[in-house]
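All remarks here apply to the structure that follows.
None of the values given here were measured: they were computed from a predicted structure.
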Amino acid sequence: LEFRRVLFRSVLVALLLPAVQMARETARRAQCSNNLRQIGISLSLHHDAQGRFPEGSRLHDMKWQSAVGWRALILPYMEQQSLLDALGLNDFGGVSQRGLNPIATFRCQSADVDPGRSTYTGVSGAYGIGDVTFLAPRWGDIYPNGLLFPLSETALSDVTDGTSHSLAVGEQLTNGREW
């Protein structure tokens, strides 16, 4: 009788464990979708306030210095103005502080990347479509036909095929970038 109880419990656990793991992963994926929604809303709010989407990045005037990217530029529209202030944007296109606490909205919980990295990447353009722009040797080829390329000033009126058919930010589960 005891053997049957142990066997029954073992089979029950073996059946329930995958279901519990799948439910957890489903919740994590839902959170990732919500993160993308929040980023999209912040991009839209930035556009409403500035008349354009944020630059994919602002290139630093001094070679090999860190530039500020679109993630930092939408912080005020995510109720994170104090974090943007702590970064210390400077007149050279960069930041004076690095290594600040990561923001959960910039990281999908299902991704296997360091907590300080973002799993969401801005779309700068489509490879091989349009003219290539060489912004700097360290950047390589940039196709400026997307929404978030370096030094961009893209407005809604520039999106000729409609925003419902355009990708601004996508999930990249490998090699996450510093947010």
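Ion pair Arg107/Glu171 not flagged as a salt bridge, since none of the NZ, NE, NH1 or NH2 atoms sits closer than 4.0 Å to an Asp/Glu carboxylate oxygen.
Taking the side chain as every heavy atom from C-beta outward, Leu156 and His47 approach each other to under 4.5 Å. Between Phe149 and Thr154 there is a side-chain heavy-atom pair separated by less than 4.5 Å. The closest side-chain heavy-atom distance from Val159 to Ser166 is below 4.5 Å. Counting heavy atoms from C-beta on, the side chains of Val123 and Leu148 never come closer than 4.5 Å. A heavy-atom distance below 4.5 Å is found between the side chains of Thr105 and Met78. With contacts defined as side-chain heavy-atom distances shorter than 4.5 Å, the pair Val169/Leu43 qualifies. Side-chain contact check for Cys32 versus Tyr120: some heavy-atom pair is nearer than 4.5 Å.
Relative orientation of the Trp70 and Phe106 rings is perpendicular, given thresholds of 30° and 60° on the angle between their planes.
For the atom pair CZ of Arg37 and CD of Gln31, the computed distance is 9.5 Å after rounding to the nearest 0.5 Å. Within the model, atoms CD1 of Ile41 and NE2 of His46 stand 16.0 Å from one another, a figure rounded to the nearest 0.5 Å. A distance of 9.0 Å separates CG of Leu73 from CD of Gln50, quoted to the nearest 0.5 Å. Going from atom CG of Asn34 over to atom SG of Cys108 covers 11.5 Å, rounded to the nearest 0.5 Å. A distance of 7.5 Å separates OG1 of Thr119 from CG of Asn35, quoted to the nearest 0.5 Å.
Taking all atoms of both residues into account, the shortest heavy-atom contact from Pro54 to Ser152 is O-OG, 3.7 Å. Contact between Gly51 and Ala155 at its shortest, heavy atoms only, is O-CB, 3.6 Å.
Side-chain contact check for Tyr77 and Gln38: no donor-acceptor pair (N or O, by modelled atom type) lies under 3.5 Å.
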